[in-house]
J.: 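Have a look at this one.
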Amino acid sequence: MSPDGTHLAMLYPSDENAVLRIVNIESGEIEASFATRSRTGVAEFHWATDERIVIATQRFMGGLEQPMLTGEIFGLNIDNTRKFQMVGPGVGDFAAFMIENLLPDDPRHIRVSRYEVDRGSISRSRPSSFLLDIDNRPPGNRTSMMRNLRSEVHSPLPWGQLHSDYNGDVRLAYAIDDDMMLQVRFRHADEDWQDISNRFIRPALEGGFEFVGFSRDNDDFYFIQRSSHGTLGLFRYVVEDGSIASVFADPDFDLSRADLVLSSGRDELLGAKFNGHVFETRYFSEHPEVALQRGLDASFPGERVRVINMSRDGRRSVVAVSGSQRVGEFYLLENEARQMIFLGGLNTDLPVDAMATVTPFAIRSPDDFVLSGYLTKSADADTALPMIVIPHGGPMGIRDLYDFNREAQYLAKHGFAVLQVNFRGSGGFGYEHLQRGYGQWGSGMVDDLQLATRWAVQAGHADPDRVCAYGASYGAFAALASVARYPDDYHCAAGYAGVYDLNELSSSDIPFLPGGESYLALAVGTDVEELHRQSPVNMADQIKVPVLLAHGGEDRRAPLSQAEAMRQALQEAGQDPAWIYHRGEGHGFYDQENRIAFYESLLSFFQRSLE
């Protein structure tokens, strides 16, 4: 919503492009629109002023796990004028630009970071920060474009991020070096940079540093780091004496920047809404907007309710609601009347009351730590069902959440129970839970999946003779390793964009990222024989159940050679796995027709294998 509360900016994404529309709240009329190019979407959009939107775009790249920023930033006025690209490729500079700071006190400028692009990547680029004039149209060459950029600041570190305060002064730089050590530099206004790295937990995997923002008085800054509980919590760096003060940390669950609840002015921290076994909410402020937040929480019990933004005068808010059975809806809240007006949803064809029930569970492992996860099945199911076990990707630091899960709901709609497990190494539960996964990709993690599978069977949720394992990326690895190691527990396996040979992770894009080689050495291990033993590509002769493999030809995270080797190993062992291949797809299928065809084939495979 615009700061003056008169207009809404609404994004309508599709597989091919995205359309941003500006709507007058009173009349409901569309007054302006912005459409991206083919195969390009909108990564983020913000009201820079009451009159002007700034937009950063992203491109759907087949070889990457996520869409990649194009490095282009556009501007659009609410009267559909002054619609043009401001920086990036297309106006003379082939570097990538990112929105860094909207500078609410400066209506003419925003802060942007510039990164040189090398072989399609910015991961090893030293960033520079500029003030960008958002009103001037660049004539279309680099020299003229650079005239709209001023107050350049170069990072003191070879890569990473730069951050500025509310005045637009660039004061913080941080990066992870090749040894996975956190490097932090800080300065006062235009003074020299100081190394303050020793104030923080240096090993990046142990500390989990994430910058949140400066305090409104620009004296201090907030960040996420590992707390004394071992979980990630919110801290404040006190510039005056270099001390660190804890603001909030949950003893059991990690916090991220995205979990924080901010005031309408985006300048005061009100609390946190984070993922535990279910949605958890904590408020640690006396700000008057906390009462509004609590009232919204009570209106949607058990769901995640977020105030996206509020008008400057406090009259109107945009509210987002989502949950385990609600894919996501948006409302306009007239604050004085406490009236909620439905604006739209991510998919209005998925009503809450038609969705399967998602039930959290927690069990204790034989080596005495808690495994948790979710069981999804139809609310009226009263017998043991065929079950699909879906290990998540990652695997380190990623977790399954109490959020709407499209795969789980799709399979539950077709009569399956779905089991998701936050095995050892998953994120969200503190450092000890994460650390237990080091070197355990094909052993302890797979054991955790089998333990949860047997729990679901013994509890009467699953038919012991109709259980299948399926996953993507690492989840594909775990699915194939599960049916090889525990042939009596699983009756089919499907792998999507999978890794199947740990010794071949050096062929992925991970080693080329800063700290990538150190990460693999710690998280996966370096014992070639042990990695050989854990990899399902070397267990093909132990797999006696039907297998489906799906892969894209441009996958960089899990190169096609991974799936081809797994397929060949199965064929040499006397199996002929079902094979789905799309040459132009990457780490997961982006094209809608390809995704639909994949899920229809996957469903048919499960139904045949578990009939």
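The chain is numbered in sequence order, starting from 1.
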J.: Report the residue from Tyr500, Phe477, Tyr474 that forms a ring pair (Phe, Tyr, Trp, His ring centres under 6.0 Å) with Trp441.
T.: Tyr474
J.: Anything under 30° is parallel, anything over 60° is perpendicular, the rest tilted; go ahead and classify Tyr470 against Phe598.
T.: tilted
J.: Give, for atom NE2 of His433 and atom CG of Asp254, the distance between the pair rounded to the nearest 0.5 Å.
T.: 10.5 Å
J.: Is the distance between the ring centroids of Phe361 and Trp455 less than 6.0 Å?
T.: yes
J.: Contact between Phe404 and Arg326 at the side-chain level, heavy atoms closer than 4.5 Å - yes or no?
T.: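 The answer is no; the side chains never approach within 4.5 Å.
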J.: Can you confirm whether more than 12 heavy atoms, excluding those of His414, are under 6.0 Å from its NE2 atom?
T.: yes
J.: Charged N to carboxylate O below 4.0 Å: is that the case for Asp403 and Arg304?
T.: yes
J.: Once you round to the nearest 0.5 Å, how far does CG of Asn422 lie from CZ of Arg399?
T.: 5.0 Å
J.: Using 0.5 Å steps for rounding, measure from the CG atom of Leu232 to the CD atom of Gln225.
T.: 9.0 Å
J.: Kindly write out the residues that satisfy salt bridge (charged side-chain N to carboxylate O under 4.0 Å, His left out) with Arg406, not counting sequence neighbours, or none if the list is empty.
T.: none
J.: Could you list all the salt bridge (charged side-chain N to carboxylate O under 4.0 Å, His left out) pairs where at least one residue sits in residues 425-444, not counting sequence neighbours?
T.: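 Non-adjacent pairs meeting salt bridge (charged side-chain N to carboxylate O under 4.0 Å, His left out): Asp367-Arg436, Glu432-Arg436.
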J.: Are any side-chain N or O atoms of Ser535 and backbone N or O atoms of Asp501, one a donor and one an acceptor, separated by less than 3.5 Å?
T.: no
J.: Have Tyr599 and Glu407 got a donor and an acceptor in their side chains that come within less than 3.5 Å?
T.: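 Per modelled atom types, Tyr599 and Glu407 side chains form a pair under 3.5 Å.
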J.: Please test Thr453 against Tyr486 for side chain to side chain donor-acceptor pair (under 3.5 Å), starting from the C-alpha separation and ending with a verdict.
T.: CA-CA 11 Å; Thr453 299; Tyr486 296 106; over 6 Å; no
J.: Taking Val467's backbone N and O only, do any of them form a donor-acceptor pair with His491's side chain (distance below 3.5 Å, no angle check)?
T.: yes
J.: Quick one: closest heavy-atom pair of Phe589 and His582, and the distance?
T.: CE1-CD2, 3.6 Å
J.: Is it true that the side chains of Ser604 and Gln607 contain a donor and an acceptor less than 3.5 Å apart?
T.: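 Gln607 and Ser604 do not have a side-chain donor-acceptor pair below 3.5 Å.
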J.: Does the side chain of Thr36 come within less than 4.5 Å of Val42's, by heavy atoms?
T.: yes
J.: Check whether any side-chain N or O of Arg485 sits under 3.5 Å from a backbone N or O of Gly442 as a donor-acceptor pair, and report yes or no.
T.: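 Indeed, once roles are kept as given, a pair shorter than 3.5 Å links the two residues.
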J.: Partners of Arg583 by salt bridge (charged side-chain N to carboxylate O under 4.0 Å, His left out), sequence neighbours excluded?
T.: none
J.: Applying side chain to side chain contact (heavy atoms under 4.5 Å, CB included) to Phe209 and Ile176, what does each step give before you reach the verdict?
T.: CA-CA 10 Å; Phe209 182 91; Ile176 308 300; 5.9 Å; no
J.: Sequence neighbours excluded, which residues qualify as salt bridge (charged side-chain N to carboxylate O under 4.0 Å, His left out) partners of Arg567?
T.: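 Not a single residue meets the salt bridge (charged side-chain N to carboxylate O under 4.0 Å, His left out) criterion with Arg567.
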J.: Could you tell me which residues satisfy side-chain contact (heavy atoms from CB on, under 4.5 Å) with Leu531, sequence neighbours excluded, listed by chain and number?
T.: Leu502, Asn503, Val524
J.: Within the 4.5 Å heavy-atom criterion, are Leu610 and Cys492 side-chain neighbours or not?
T.: yes
J.: Tell me, which pairs form a side chain to side chain donor-acceptor pair (under 3.5 Å) where one or both residues lie in residues 459-468, sequence neighbours left out?
T.: Lys377-His461, Asp463-Arg466
J.: Do Met396 and Met445 touch side chain to side chain, with heavy atoms closer than 4.5 Å?
T.: yes
J.: Measure the spacing between CG of Asp400 and OG of Ser372 and express it to the nearest 0.5 Å.
T.: 9.0 Å
J.: Would you check if the side chain of Gln183 reaches a backbone N or O of Asp177 as a donor-acceptor pair within less than 3.5 Å?
T.: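 No, because the side chain of Gln183 does not come within donor-acceptor range (under 3.5 Å) of the backbone of Asp177.
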J.: Hey, could you give me the OH/CG distance between Tyr438 and Leu522, rounded to the nearest 0.5 Å?
T.: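 Reported to 0.5 Å precision, the distance equals 4.5 Å.
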J.: Looking only at side-chain N and O atoms, does Glu564 offer a donor or acceptor that is under 3.5 Å from a partner on Gln568?
T.: no
J.: Which heavy atom of Ser113 sits nearest a heavy atom of Glu100, and at what distance?
T.: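 Closest heavy-atom pair between Ser113 and Glu100: OG-OE1, 2.8 Å.
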J.: Could you tell me whether Glu517 atom CD has more than 12 heavy atoms of other residues or ligands within 6.0 Å of it?
T.: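 Counting neighbours around CD of Glu517, 12 or fewer heavy atoms of other residues, nucleotides or ligands fall under 6.0 Å, so no.
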J.: Between Arg126 (side chain) and Ser155 (backbone), is there a donor-acceptor pair under 3.5 Å?
T.: yes
J.: To the nearest 0.5 Å, tell me how far Ile580 CD1 sits from Leu602 CG.
T.: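 The CD1 atom of Ile580 sits 7.5 Å away from the CG atom of Leu602.
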J.: Do the side chains of Arg124 and Asp178 get close enough for a salt bridge, i.e. N-O under 4.0 angstrom?
T.: yes
J.: What's the verdict on side chain to side chain contact (heavy atoms under 4.5 Å, CB included) for Leu182 and Ile201, showing C-alpha distance, side-chain angles and the deciding distance?
T.: CA-CA 8 Å; Leu182 174 68; Ile201 301 174; over 6 Å; no
